[in-house]
Number of protein chains: 2
Amino acid sequence: MGMGRPREFDAETALDQAMEVFWRHGYEGATIAQLTEAMGINPPSLYACFGNKEGLLKAALDRYTKLRNVWMDEVVAAPTARDVAERMLMGIADKQTDPANPPGCLLVQGGIACGTGSESVPFELAARRSQNEDQLRDRFIRAKAEGDLKPTSDPAALARYVSAVSVGMGVMASSGSDREALQQVASVAVQAVEAQSTART
Amino acid sequence: MGMGRPREFDAETALDQAMEVFWRHGYEGATIAQLTEAMGINPPSLYACFGNKEGLLKAALDRYTKLRNVWMDEVVAAPTARDVAERMLMGIADKQTDPANPPGCLLVQGGIACGTGSESVPFELAARRSQNEDQLRDRFIRAKAEGDLKPTSDPAALARYVSAVSVGMGVMASSGSDREALQQVASVAVQAVEAQSTART
DNA sequence: CCAGATATGTAGTGTTCACTACAGATGTGG
DNA sequence: CCACATCTGTAGTGAACACTACATATCTGG
């Protein structure tokens, strides 16, 4: 028994293209025709490889979060809670206005509200956003234990806050805000974390 | 010449129902069938009254922002910039988790990313969000003039920041965050405005 | 009561959608 | 070189979509 004809396209390269289409048009706004054209393949290849449209989205999200997690690890490696917040929000200002990608964040642009039959898509995005929030929360818990954050501070609330600001920045970016505008937001936002930090020497 | 058969439904009541459908499913996710059923009318009545699907959305947005502006006027009537931010964000935590409405904010849920042919929808939403931001900015400019905000503060940046946080809270609400979680975010967020305020006596 | 005007309900219209049947191409194991 | 397995391209499939033609109903002005 043979092993069949080998695939003629690279799955990860194709996923990068699909990611961009979902990013720009959202899950429901992206059509199979747009996706296959961007991926350089025909529909049967897409379905053989990813199952269906939703499977393709999940694969694209997996790839997106995988790349993003590498960056998040650098973010939480910052020495203080304040620096974590600054590195995260300033980095997001950069990333979400990087002309190499569509503006905003795939985990928001992908689909906040969807029609009947795609109810699972917003949940899928939310679940992946909460991964980042959990990582931030753990980092802030450590910061509190290290005396970097005030004893009265709430690490979970701070993580939720930073996460909310990043999401808001993503929406702003997608609707045309430039890098400077996002940096201003980040700069103000960091001051709330600073207010929960112990004074520097 | 006669004046024709009178309309048998109330346009504003019907709009409220349409608003809820757009709010829950987004512009692209909402179907004419869902809209007409919720509005209690048939497609020809919808098209005679609102032109097309996009016209209906704009009418729903008009109604939404009209109601919202009444509330925004109360918000900016708060005595200080800090109180404006608190009243706004705490109010949003309430509104976006009010079980009488779908979670989140129509100006976000309506459609952040759309497919080919509906590119104007995200712009329409963004334009209406920026109205709120402008109102906040004007209020913060006044606060700075009144010495309520520090001379070094940037009212436009503060307004952008508060606006970004509210958008982020809207996304959180739509993906299941409860009122308490949003209030925590609001509470932290206000501290950044506080940091730009002159000390209280 | 009639003519003009507008609204309504039924029943579609063409188009686009996600998805697939099928035949031919290209590989592996014997 | 042959049986088998998997991929690829063409060309569709039925379903759902936004939107509408048309006959009928209900109003006003004369």
Side-chain angles (χ1 to χ4, degrees), chain A residues 1-15 17-19 21-22 24-61 110-111 113-121 124, chain B residues 1-15 17-19 21-22 24-61 110-111 113-121 124:
Chain A
M1 42 181 173
M3 287 172 65
R5 177 176 176 176
R7 183 177 294 145
E8 290 186 2
F9 64 96
D10 177 58
E12 289 205 332
T13 307
L15 262 186
Q17 305 306 317
M19 203 170 80
V21 176
F22 282 132
R24 201 173 294 279
H25 297 292
Y27 175 73
E28 293 190 316
T31 69
I32 297 291
Q34 288 173 324
L35 290 164
T36 52
E37 187 184 350
M39 298 167 87
I41 61 177
N42 288 309
S45 299
L46 190 158
Y47 285 90
C49 190
F50 302 104
N52 56 20
K53 190 181 177 186
E54 201 168 322
L56 176 60
L57 175 71
K58 287 184 187 170
L61 291 177
C114 278
T116 311
S118 307
E119 293 91 347
S120 69
V121 170
E124 200 72 33
Chain B
M1 43 178 173
M3 288 172 66
R5 177 176 176 177
R7 182 176 295 143
E8 289 185 2
F9 65 95
D10 178 58
E12 289 206 333
T13 307
L15 262 186
Q17 306 307 318
M19 202 170 81
V21 176
F22 282 132
R24 201 173 292 280
H25 297 291
Y27 176 73
E28 293 189 316
T31 69
I32 298 291
Q34 287 174 324
L35 289 163
T36 51
E37 186 184 350
M39 298 166 87
I41 62 178
N42 289 309
S45 299
L46 190 159
Y47 284 90
C49 191
F50 301 105
N52 55 20
K53 190 182 176 184
E54 200 168 324
L56 177 60
L57 175 72
K58 286 184 187 169
L61 290 176
C114 278
T116 310
S118 306
E119 292 91 349
S120 68
V121 170
E124 199 72 31

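Numbers restart at 1 for each chain; the letters A, B, ... are given by sequence-line order, proteins then strands. Values below: all heavy atoms of this structure, side chains included; hydrogens, waters and symmetry mates excluded. Fair warning: this is a prediction, and the values are worked out from it, not measured in the lab.
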Do any of residues 40-57 of chain A sit with a heavy atom less than 4.0 Å from DNA chain D, and if so which?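 By residue number: A:Asn42, A:Pro44, A:Ser45.
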Could you tell me whether the side chain of A:Phe22 reaches within less than 4.5 Å of the side chain of A:Leu61, counting heavy atoms only?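 They are not in contact (no side-chain heavy atoms under 4.5 Å apart), so the answer is no.
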Report the distance from atom [atom1] of [X] to atom [atom2] of [N], rounded to the nearest whole Å.
X: A:Arg7; N: D:dT6; atom1: CZ; atom2: C1'; answer: 10 Å
X: A:Leu35; N: C:dA18; atom1: CG; atom2: P; answer: 8 Å
X: A:Phe9; N: D:dT6; atom1: CZ; atom2: P; answer: 15 Å
X: A:Glu37; N: D:dT10; atom1: CD; atom2: P; answer: 14 Å
X: B:Glu28; N: C:dT16; atom1: CD; atom2: P; answer: 15 Å
X: A:Glu8; N: C:dT26; atom1: CD; atom2: C1'; answer: 8 Å

Does the base of D:dC7 carry an N or O that pairs as donor and acceptor with the side chain of A:Arg5 under 3.5 Å? yes
Select one nucleotide: of C:dG27, C:dT28, C:dC17, the one nearest the side-chain heavy atoms of A:Thr31.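 Closest of the options to the side chain of A:Thr31: C:dC17.
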Any luck finding a side-chain donor-acceptor pair between B:Glu8 and B:Ser45 under 3.5 Å?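 Per modelled atom types, B:Glu8 and B:Ser45 side chains form no pair under 3.5 Å.
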Does a donor on one side chain sit under 3.5 Å from an acceptor on the other, for A:Glu54 and A:Ser118?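 Distance-only check fails for A:Glu54 and A:Ser118.
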Ignoring hydrogens and geometry, is there a side-chain-to-backbone donor-acceptor pair from B:Lys58 to B:Val121 under 3.5 Å?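 Not at all, since once roles are kept as given, no pair shorter than 3.5 Å links the two residues.
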Any sub-3.5 Å donor-acceptor pair from A:Lys53's side-chain atoms to A:Tyr47's backbone N or O?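 Checked: no pair found.
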Begin with the C-alpha distance, continue with both residues' side-chain angles, and end with the deciding distance and a verdict on side-chain contact (heavy atoms from CB on, under 4.5 Å) for B:Leu57 and B:Phe50. CA-CA 9 Å; B:Leu57 175 72; B:Phe50 301 105; over 6 Å; no
